[in-house]
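First comes the structure, then the notes that go with it.
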There are 2 protein chains.
Amino acid sequence: MTGPCVVYVIDDDSSVRAALDDLLASVGIRVLTFDSTTAFLAHGMEDAPGCLVLDVRMPGQSGIDFHRRMAGLGIALPVVFITGHGDITMGVDAIKHGAIEFLTKPFNDQTLLDAIQNGIGKDRDRRRAVAESEMVRARWASLSAGEQEVARLVVQGLLNKQIASVLDVSEITVKVRRAQAMRKMDARTLPDLVRLTGKLDLDGLS
Amino acid sequence: MTGPCVVYVIDDDSSVRAALDDLLASVGIRVLTFDSTTAFLAHGMEDAPGCLVLDVRMPGQSGIDFHRRMAGLGIALPVVFITGHGDITMGVDAIKHGAIEFLTKPFNDQTLLDAIQNGIGKDRDRRRAVAESEMVRARWASLSAGEQEVARLVVQGLLNKQIASVLDVSEITVKVRRAQAMRKMDARTLPDLVRLTGKLDLDGLS
DNA sequence: GCCGAAAATATACCAAAGTATAATATTTCT
DNA sequence: AGAAATATTATACTTTGGTATATTTTCGGC
């Protein structure tokens, strides 16, 4: 495997949990099983790329309901549904809401493994993107208000002279803030700064 | 409606075609119906945002097969499937391959209309993005080889002096090419050029 | 080989950007 | 209020970027 990863299995049927535990352990993937969404939430998530195998139909909160609430709970884990009794609309809607797969029992073991690997890969990519975005965001937050203003106008293509006029400060102040912004953003060149701020959506951050 | 648009309906059942024709005409959407994918291909597509309503099961090429071949045929139209006899896997796979909806008869008229409007909106967005990308690409193609080289290095953050050294030309030549590149790309400032070329993937274009 | 067009280069100049030092103003904390 | 920290501004200088004009070079076609 390329690095550590975890598969969370939520199914009320203990025989299913045991079977999936065996299957995944046999290919060397770390597995955590739960008999309900509540139990999963109580345990929490590990800090590693992962994938959630979710039973559609369960006592208490159904897998479908849980899937819908995941975003609100801040859980971005890719989901692979498994079910004994599903209908077309349910499967279609699940995929439309972003699920990786919707498998009906009995399903082929390899099909499930492929879906899980796919999900783990997607989660790995997502985590990388989030980490990068967070780093840029943290750097941006380290700029003073004045430095952010200058940086924003610099990236818009204004000259130092124009920025000084817009902000009603001296051109020297603009140069100081600009240099400071470059240092804090860890941008060696102006194109670097443009690319970094491009990941920020400066309109939304003012 | 926000601008012109077309809905293509492909279904071998003439009563379905007539019903959809009525339904869509009643809300003021232009409709073209076909009894097979072949007939649709023979007619060709209009130059307007659109959506394809596709029967899953047809004599000759099935809707599912056609959907898979659309990318290869250069058809990016959003697809809404309708079917009388489908199974979960078929619906799930269709959505996974990018279909907007997978509806089983009998379906609610409003559900279909919503899906179609959704598809048209997506196609409109896609067409806009493609048009913008094409414009940038055309501008880039208007640069001479030397101008492209200079522009690429400029965007990487190199100084004119460094670019001259890398390309083994004089710094004055770099300045001329650089100015010419800015003019041809219609970039008023360096940040503009960075953003424009960012849409190009310069690695792939050499 | 000669010619015309396009590209490259040289020269000269000005505006803009980057940097360092120091002085002044402002804010913040005690 | 007073002191320390921070921000702003001024001055001076260097490097870089942008532009215009003129000259030279290069290259394809006749």
Side-chain angles (χ1 to χ4, degrees), chain A residues 135-200 202-203 205-206, chain B residues 135-200 202-203 205-206:
Chain A
M135 170 181 292
V136 175
R137 206 165 295 276
R139 288 182 196 165
W140 179 258
S142 77
L143 303 202
S144 72
E147 286 157 4
Q148 289 186 356
E149 285 175 331
V150 168
R152 197 152 34 89
L153 296 174
V154 164
V155 167
Q156 283 175 21
L158 273 68
L159 301 178
N160 286 348
K161 186 193 300 187
Q162 298 171 313
I163 297 172
S165 165
V166 169
L167 300 182
D168 194 34
V169 294
S170 78
E171 191 179 336
I172 292 89
T173 299
V174 173
K175 287 185 179 181
V176 171
R177 290 182 182 174
R178 179 175 184 154
Q180 192 70 4
M182 293 289 285
R183 238 169 283 136
K184 288 184 177 177
M185 292 299 288
D186 197 26
R188 207 175 46 76
T189 68
L190 178 54
D192 288 341
L193 185 70
V194 174
R195 280 183 285 265
L196 285 172
T197 56
K199 299 174 182 170
L200 276 180
L202 289 188
D203 300 326
L205 293 176
S206 92
Chain B
M135 169 181 293
V136 175
R137 206 165 293 276
R139 288 182 196 165
W140 179 257
S142 78
L143 304 200
S144 73
E147 287 157 3
Q148 289 186 357
E149 286 175 331
V150 168
R152 197 153 32 89
L153 296 174
V154 164
V155 167
Q156 283 175 20
L158 273 68
L159 302 178
N160 286 347
K161 186 193 300 188
Q162 299 172 314
I163 297 172
S165 165
V166 168
L167 300 182
D168 195 34
V169 294
S170 78
E171 192 178 336
I172 291 90
T173 298
V174 173
K175 288 185 180 182
V176 171
R177 289 182 182 174
R178 179 173 183 156
Q180 191 70 4
M182 293 289 285
R183 239 169 282 136
K184 288 184 176 176
M185 292 299 288
D186 196 25
R188 206 175 47 76
T189 68
L190 177 54
D192 288 341
L193 185 70
V194 173
R195 279 183 286 264
L196 284 171
T197 55
K199 298 174 182 171
L200 277 179
L202 289 188
D203 300 326
L205 294 175
S206 96

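Within every chain, numbering begins at 1; the chains are lettered A, B, ... in the order of the sequence lines, protein sequences first and strands thereafter.
- Taking 4.0 angstrom as the limit, B:Ser170 places a side-chain polar atom (N or O) nearer than this to OP1 or OP2 of C:dT9.
- Side-chain N/O atoms of A:Arg177 include none lying less than 4.0 angstrom from OP1 or OP2 on D:dA7.
- In this structure B:Gln180 satisfies the side chain to side chain contact (heavy atoms under 4.5 Å, CB included) test together with B:Glu147, B:Arg183, B:Lys184, sequence neighbours excluded.
- For the pair B:Ser170/B:Thr173, a side-chain contact is recorded, criterion being any heavy-atom separation below 4.5 Å from C-beta on.
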Mind listing the N/O atom pairs, protein and nucleotides 18-20 of chain C, below 3.5 Å?
| from | atom 1 | to | atom 2 | distance (Å) |
| --- | --- | --- | --- | --- |
| C:dG18 | OP2 | A:Arg178 | NE | 3.2 |
| C:dG18 | N7 | A:Lys175 | NZ | 3.0 |
| C:dG18 | O6 | A:Lys175 | NZ | 3.0 |

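- Summarising the geometry, the separation between CG on A:Leu159 and C1' on C:dC14 is reported as 14 Å, rounded to the nearest angstrom.
- Remark: side-chain polar atoms of B:Gln148 are not paired, donor with acceptor, to backbone N or O of B:Ala145 under 3.5 angstrom.
- Here B:Arg178 pairs with nothing under the salt bridge (charged side-chain N to carboxylate O under 4.0 Å, His left out) rule; sequence neighbours left out.
- Rounded to whole Å, the distance from CZ on B:Arg188 to P on C:dA16 is 13 Å.
- As rounded to whole Å, 12 Å separates atom C1' of D:dG17 from atom CG of A:Leu190.
- Going from atom CD of A:Gln180 over to atom C1' of D:dT6 covers 11 Å, rounded to whole Å.
- Put simply, CD1 on A:Ile163 is 12 Å from C1' on C:dA16, counting in whole angstrom units.
- Remark: C1' of C:dA7 and CG of B:Leu167 are 14 Å apart, rounded to the nearest angstrom.
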For B:Glu149 and B:Arg177, what are the C-alpha separation, side-chain angles and deciding distance, and is it a side chain to side chain contact (heavy atoms under 4.5 Å, CB included)?
CA-CA 9 Å; B:Glu149 286 175 331; B:Arg177 289 182 182 174; 4.0 Å; yes
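- The closest side-chain heavy-atom distance from A:Thr189 to A:Leu193 is not below 4.5 Å.
- Between D:dT16 and B:Lys161, a contact under 4.0 Å exists linking OP1 or OP2 to a side-chain N or O.
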